[in-house]
Amino acid sequence: MALRTIRIMGDPVLAKVCKEVKEVSPRTRELINDMFDTMYEANGVGLAAPQVGILKRIVVIDVTGDDPHVLINPEILETSGEQTGQEGCLSLPGKTGVVTRPNYVRAKAYDADMQPYEIEGTELLARAIVHELEHLDGHMYVEKVEGELMNVSSLSDEDDDEDHAENAPISDDAGDAEN
């Protein structure tokens with residue numbers, strides 16, 4: 001297992017459509033393990049193969065830190081509801097933007113043994129599924145940002161200011177995600 005280099009916005013590989021995976025070879029298993037290692041090292045909740053320079057339809061997601069998902073050749077079957085919140089991306093470090101996504105997602109995929117399964121998610125998991133699957137078709141979240149991209153550090157500064165203010169509102173950052 002090894003850490004892979006995360007491609008940054010502007011890299012042409014991020015704008016390409018990925019190819020379907022026909023079989024899981026030992027190299028594919030190594031890629032999946034490396035993707036998890038890379039995602040965890042970067043404190044992300046999801047990572048798509050093109051983000052590490054591989055044009056295959058593979059995504060890894062773990063929004064809780066102890067519930068990893070491998071999605072090979074994933075397809076969204078159903079969405080419903082709506083959520084609007086801050087979203088980030090490991091391919092655009094230090095930036096965040098407001099994006100509206102479905103609040104519920106049901107998708108089908110293959111696991112690392114090429115066994116079909118379905119995954120359902122709400123809130124952050126739904127956001128991560130949609131975000132990562134868009135990478136497989138050469139899209140990034142910045143195409144959907146409502147308003148301007150912001151620096152994550154400036155949001156942290158605002159949070160610090162609130163922490164020192166008397167009667168400051170308590171914020172819940174559970175909706176923030178870097179994928």
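In what follows, residues are counted from 1 in the order of the sequence shown.
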Nearest atoms (heavy-atom pairs only) where G121 meets A126: O-CB, 3.5 Å

Min side-chain heavy-atom separation V98-Q86 under 4.5 Å: yes

M150 side chain near K95 side chain, heavy-atom distance below 4.5 Å: no

Rounded distance [0.5 Å steps], CD1 in I119 versus CD1 in I61: 6.0 Å

Beyond-backbone contact of K56 with C18, side-chain heavy atoms, under 4.5 angstrom: no

side-chain hydrogen bond (donor to acceptor under 3.5 Å, both in side chains) partners of T38, counting only residues at least two apart: none

Non-hydrogen atoms of G97 and Y141 that approach each other most closely: N-CE1, 3.9 Å

Residues H139, H135; criterion ring pair (Phe, Tyr, Trp, His ring centres under 6.0 Å); working and verdict: CA-CA 5 Å; H139 298 287; H135 276 298; 9.8 Å; no

Spacing of CG belonging to L133 relative to CG belonging to L71, to within rounding of 0.5 Å: 6.5 Å

Shared hydrophobic cluster, V17 / V142 (ILVMFWY, side-chain heavy atoms < 4.5 Å): no

V105 and E120, any side-chain heavy atoms less than 4.5 Å apart: no

Interatomic spacing from SG in C89 to CG in L47 - rounded to 0.5 Å: 8.5 Å

Beyond-backbone contact of R57 with D137, side-chain heavy atoms, under 4.5 angstrom: yes

Heavy-atom closest pair, residues P50 and L55: CB-CD2, 4.3 Å

Shortest non-hydrogen contact from I32 toward A112: CD1-CB, 4.3 Å

Heavy-atom pair of closest approach, residues A48 and V59: CB-CG2, 4.1 Å

Donor-acceptor pair, side chain of E143 and main chain of M140, under 3.5 angstrom: yes

Partners passing side-chain contact (heavy atoms from CB on, under 4.5 Å) against T122 (at least two apart in sequence or in another chain): Y104

S153 and N151 side chains, donor-acceptor separation under 3.5 Å: no

Residue pairs fulfilling side-chain hydrogen bond (donor to acceptor under 3.5 Å, both in side chains) with at least one residue in residues 108-118, sequence neighbours excluded: R29-D113, R106-E118

Residues that E134 engages under salt bridge (charged side-chain N to carboxylate O under 4.0 Å, His left out), provided they are two or more places apart: R101, K144

Residues, nucleotides or ligands: over 12 heavy atoms within 6.0 Å of E78 CD: yes

Contact summary for D62 and M39, nearest pair of heavy atoms: CB-CE, 3.8 Å

Worked verdict on V52 versus L31 for side chain to side chain contact (heavy atoms under 4.5 Å, CB included): CA-CA 9 Å; V52 292; L31 169 65; 4.1 Å; yes

Partner residues of E148 under the side-chain contact (heavy atoms from CB on, under 4.5 Å) criterion, sequence neighbours left out: none

Sub-4.5 Å side-chain heavy-atom contact between Q83 and T100: no

V99 side chain near T84 side chain, heavy-atom distance below 4.5 Å: no

Between CG on residue L149 and CG on residue L92, distance to nearest 0.5 Å: 6.0 Å

CG-CG distance between N73 and L136, expressed to the nearest 0.5 angstrom: 9.0 Å

L125 CG to I129 CD1 distance, which is reported to the nearest 0.5 Å: 4.0 Å

Going by atom type alone, with no hydrogens or angles, which donor-acceptor pairs under 3.5 Å involve a side-chain atom of residues 2-12 and a protein atom two or more places apart or on another chain?
{"unit_1": "R4", "atom_1": "NE", "unit_2": "D34", "atom_2": "OD2", "d": "2.9"}
{"unit_1": "R4", "atom_1": "NH2", "unit_2": "D34", "atom_2": "OD2", "d": "3.0"}
{"unit_1": "R7", "atom_1": "NH1", "unit_2": "D11", "atom_2": "OD2", "d": "3.1"}
{"unit_1": "D11", "atom_1": "OD1", "unit_2": "V13", "atom_2": "N", "d": "3.0"}

S91 vs L14 side-chain heavy atoms within contact, under 4.5 Å: yes

